[in-house]
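Structure, as structure tokens:
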2 protein chains.
Amino acid sequence: MGRFDIKFNINPKLFNRDPQDSEYGHKLLKNSILLLDEIGFEGFTFKKLAIRIDSTESSVYRYFNNKHFLLLFLTCWYWEWVHYLIITYTRNIEDPVKRLKIAVHNIVNASNESPLTEYINENKLHEVVIKEGSKAYHVHDIDEENKEGLFKSYKELVSTVSSLISEVNPDFPYPHILASNMFEMANNQIFFAEHLPKLTDIKNRQKKYQDLEGAMWYMVQKILM
Amino acid sequence: MGRFDIKFNINPKLFNRDPQDSEYGHKLLKNSILLLDEIGFEGFTFKKLAIRIDSTESSVYRYFNNKHFLLLFLTCWYWEWVHYLIITYTRNIEDPVKRLKIAVHNIVNASNESPLTEYINENKLHEVVIKEGSKAYHVHDIDEENKEGLFKSYKELVSTVSSLISEVNPDFPYPHILASNMFEMANNQIFFAEHLPKLTDIKNRQKKYQDLEGAMWYMVQKILM
DNA sequence: CATAAATGATAGTAACACTATCTAATATGG
DNA sequence: CCATATTAGATAGTGTTACTATCATTTATG
């Protein structure tokens, strides 16, 4: 493990062995992201992943019980990471409006000026979350999994953004709706810009993140100020 | 087929035989919705469906090549239906604000005062779309499927709502973003209210549709007026 | 150096996602 | 009413997926 790598606290019920703690785990995470990006969640299997990292199915199963938990792990990592970015970049800012603007920026871009780890490509992970992330919680067992705390990362992230919203306008009655919608909207609209452009107004695919950030900030301002 | 049943034009590339045209097809659609609602898309198989309708796997395959196309068919039916509701209920209204308000109402509620068909339970279908609908277009083959026109229903629906938005405020620069986000937001927030309440402000699960409609209209007004 | 922990190798099973073929029932058109 | 086409049922089979189990081997640790 690199000397300065950050390790996020992710619910241990998601894995049998923490992939953040071993070389093998790092290889597993890194190539999961790449493979998910290449062939999608439906086509993804532990067998294919094992072959890709010159390993075996049984070894992969020692880390994760199934690909759903792996996807949820990666999604949690993403949520933790965005949360970390928002906390870090708003820490020394006083003005609530500026603080919220920084949050919007990090929600949309989730870009890594300085990557946190050697083994997670944050940009590729963001693309995976855009394409597959919603499948991590649109599952039949959601209520049981929620009881086990598997979505804590997302709930805390939404809670933080919700507070930033309320700082800007304490009278706004729907801070949680706006916060969770900002995340869903950001990922959806990037997905639409790439694949279903008729569903969005983002025309310039070169600077889609910038355009989306502009659109989101425009709406947030109208709603809150 | 019931005498007054409506039949929507759904892209024939989605099926081998149009299930809207036969008794068997009706049974198939009706029970697909119920079974998807009960066990979720991941657990759903053609075998289970076949057993449920006292039929065989091979007969189901004569209608749909795989469960993805079946889900997309149902989702298209839902989009066509919401589109139909919006067109119908705004037809004789002049005031653009009232027209948009009606659209918001139908997006959120998608309720059937008078069901269109005997074989599709619109309320159950709505629940399935809330839980599973996004999986219909978060697929690896989205670009090819989009080329084949498989998402036309959604694009037209968003286009219609986008126009209603522009009628209210022709200067608003993001009518498509707002329109598509209204659909995504409506279904997501209902899902959150049911399963991840920390992500929303909708507290009263008895009147969640009402509360959500209120929240959405509040934000739409702020954004446009 | 001894022991534990992690990984590899291999095998096996039930379910899933189809495809093919043949038969039986049903509808339709003349 | 018969001939024919259409539709559904029945059955079989195949490769893949999603695991579980066991045992051997390698690698880390005290």
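Naming: A, B, ... by sequence-line order, numbering from 1 per chain. The structure presented is a predicted model; accordingly, all values stated were derived computationally and were not measured.
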D:dC19 phosphate, OP1 or OP2, under 4.0 Å from A:Lys47 side-chain N/O: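 No, because none of the side-chain N or O atoms of A:Lys47 sits under 4.0 Å from OP1 or OP2 of D:dC19.
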
What I want to find out is whether [X] reaches [Y] closely enough, with some N-O distance under 4.0 Å, to be called a salt bridge.
X        : Y        : value
B:Lys7   : B:Asp18  : yes
A:Glu144 : A:Lys147 : no
A:Glu38  : A:Lys48  : no

Nearest to the side chain of [X], which nucleotide is it out of [options]?
X       : options               : answer
A:Thr45 : C:dA6, D:dA18, C:dT19 : D:dA18
B:Ser59 : D:dT17, D:dG9, C:dA17 : D:dG9
A:Arg17 : D:dG9, C:dT7, D:dA8   : C:dT7
A:Arg62 : D:dC19, C:dC18, C:dT7 : C:dT7
A:Glu57 : D:dC19, C:dC18, D:dG9 : D:dC19

Rounded distance (Å) that lies between atom [atom2] of [N] and atom [atom1] of [X]:
X       : N      : atom1 : atom2 : value
A:Leu28 : C:dG8  : CG    : P     : 11 Å
B:Ile53 : D:dT7  : CD1   : C1'   : 14 Å
B:Phe44 : C:dC18 : CZ    : P     : 12 Å
B:Leu49 : D:dG9  : CG    : P     : 12 Å
A:Phe15 : C:dA6  : CZ    : C1'   : 16 Å
B:Asn16 : C:dC18 : CG    : P     : 12 Å
B:Asp18 : D:dT7  : CG    : P     : 12 Å
B:Tyr61 : D:dA12 : OH    : C1'   : 15 Å

Would you mind classifying the nucleic acid contact of [X] as base, sugar-phosphate or nothing, using non-hydrogen atoms under 4.0 angstrom?
X       : result
A:Lys27 : nothing
B:Ser58 : base
A:Phe46 : nothing
B:Tyr63 : sugar-phosphate

Spacing of B:Met219 atom CE and A:Asn181 atom CG [to the nearest 0.5 Å]: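 So the CE of B:Met219 and the CG of A:Asn181 are separated by 7.0 Å.
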
Helix axis bend for the helix from C:dC1-D:dG30 to C:dG30-D:dC1 - C1'-based end axes, five pairs, 10° rounding: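 So the angle between the two local helix axes works out to 30°.
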
Pair B:Phe64 + B:Phe46: ring centers closer than 6.0 Å: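 No: the rings miss the under 6.0 Å criterion.
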
Validation row, ring centre B:Phe15 to ring centre B:Phe69 under 6.0 Å: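 No - the distance between ring centres of B:Phe15 and B:Phe69 does not fall below the 6.0 Å cut-off.
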
Axial cation check for A:Phe41 ring with A:Lys67, 6.0 Å and 45° limits: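 The answer is yes; both the distance and angle limits are met.
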
Which atom of A:Gln189 lies closest to which atom of B:Ser180, heavy atoms considered: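 So the minimum-distance heavy-atom pair works out to NE2-OG, 2.9 Å.
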
